[in-house]
Number of protein chains: 2
Amino acid sequence: MNIGQAAKASGVSAKLIRYYESIGLIPEAGRTAAGYRVYTPQDVHILRFIKRARTLGFSIERIERLIGLWRDKDRSSAEVKAIALEHVAELEAKIAEMRAMSDTLRELVNACHGDHRPDCPILRDLAADDPVAADDQASRKGRVAGASAG
Amino acid sequence: MNIGQAAKASGVSAKLIRYYESIGLIPEAGRTAAGYRVYTPQDVHILRFIKRARTLGFSIERIERLIGLWRDKDRSSAEVKAIALEHVAELEAKIAEMRAMSDTLRELVNACHGDHRPDCPILRDLAADDPVAADDQASRKGRVAGASAG
DNA sequence: CCTTGACCTTCCAATCACTGGAACGATTAC
DNA sequence: GTAATCGTTCCAGTGATTGGAAGGTCAAGG
């Protein structure tokens, strides 16, 4: 099996397979006399594992650890769960951050007429001298993160 | 006002101010005889605009456009709104993607005992030969994206 | 044997928005 | 005078790819 066939079988591009090898995520593949990389069905299995993990947003670093546990038949499921929980926590944090951005922006967008006139609450928020005024501007309708002072 | 003072006043690090200048996001600052960059309160205002826009997740490319509109007193609010809506759409798309990842993972985490034993639904999902089986594994409790065939 | 095309190889560069550091010059305070 | 703090430029790295250039290899057909 050469790299193109392994790519098709795993769904990981040949380019990416070489990259994974270069960073040590997968072991160096065997070679033919001409220098072509050679892959086994087991290699393809690992590549599919990586692809699925990447689809779930796991970083390469965590995938390395997951592969280690996958190969270790004496692993504890607690170790695997811990890695997954780290990742879930990161995901939730990023989601919350983006949710806040989106909510603020949608308030501003709603307040913007979106017509030929230049007046625009979005620019007013961005250009606000006072960073707190920017928050006020956004949370006039429904308060999101309350600055209780005042 | 030198770059350190502008950094303090704007909340944008000196390093980042130089970077913004290097990519053309802000105009080249004036210089003292010794080559030190010099900033005006107006420059600081722009830096704060950029900082607020970055906090809301706008890309540098969109911030360039927003600054252009900000300076253009004949702009239409519709143009500003359009840029904001592009960004909101991207945010929502990314949030949805991460929400799906997190939901799938939390199902797997819930199904994992997290004890000393090696058996683990998380690894089983990642190592699934059949990519559809991976979905099934995750959606056994509550189905997320139904594969209706079968 | 030669060509054509599809494959493989390596290496370099770009993405995005920074951040860090090295190596060195200027200013300021004591 | 000198030490600390600031400023300068330039280079490199981050994460996870993707693209391209330049060249070697393989299989098929004439």
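We name chains A, B, ... by the order of the sequence lines, and we start the count at 1 in each one.
There is a path of hydrophobic side-chain contacts, each under 4.5 Å, that joins Ile63(B) to Leu85(B).
Between Trp70(B) and His45(B), the ring planes are perpendicular. Angles over 60° get that label, and only those under 30° would be called parallel.
Once you apply a 4.0 Å limit to the heavy atoms of chain B, the touched nucleotides of DNA chain D run 5' to 3' over dC6(D) to dT9(D).
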Going 5' to 3' through nucleotides 3-18 of chain C, assign each nucleotide B (protein heavy atom under 4.0 Å from a base atom), S (under 4.0 Å only from sugar-phosphate atoms) or - (no protein heavy atom that close). ----BSBB------BB
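Taking the salt bridge (Lys or Arg N to Asp or Glu O under 4.0 Å) definition, one finds that Asp72(A) meets it with nothing, sequence neighbours left out.
Identified under the side-chain hydrogen bond (donor to acceptor under 3.5 Å, both in side chains) test for residues 2-14 of chain B, with sequence neighbours left out: none.
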Does the side chain to side chain donor-acceptor pair (under 3.5 Å) test come out yes or no for Thr104(B) and Glu107(B), once each step is laid out? CA-CA 5 Å; Thr104(B) 298; Glu107(B) 298 250 15; over 6 Å; no
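When each of Ser13(B) and Ala33(B) is assigned the nucleotide of DNA chain C with its nearest heavy atom, Ser13(B) is the one assigned upstream, toward the 5' end.
The pair Glu92(B)-Arg99(A) counts as a salt bridge, with a side-chain nitrogen and a carboxylate oxygen less than 4.0 angstrom apart. Ion pairing between a basic and an acidic side chain is recognised when a charged N comes within 4.0 Å of a carboxylate O; Lys81(A) and Glu86(A) show no such pairing. Between Asp119(A) and Arg117(A), none of the side-chain N atoms (NZ, or NE/NH1/NH2) sits under 4.0 Å from a carboxylate O, so this pair counts as no salt bridge.
When every heavy atom of Cys112(A) is checked against every heavy atom of Pro121(A), the shortest pair comes out as CA-CD, 3.7 Å.
Comparing the axis of the opening five pairs of the helix from dC1(C)-dG30(D) to dC30(C)-dG1(D) with that of the closing five pairs yields an angle of 30°, rounded to 10°.
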Could you give the side-chain donor-acceptor pairs of residues 20-29 of chain A under 3.5 Å, partners two or more places apart or in another chain?
{"from": "Glu21(A)", "atom 1": "OE1", "to": "Ala29(A)", "atom 2": "N", "distance (Å)": "3.4"}
{"from": "Glu21(A)", "atom 1": "OE1", "to": "Arg37(A)", "atom 2": "NE", "distance (Å)": "3.0"}
{"from": "Ser22(A)", "atom 1": "OG", "to": "Tyr19(A)", "atom 2": "O", "distance (Å)": "2.7"}

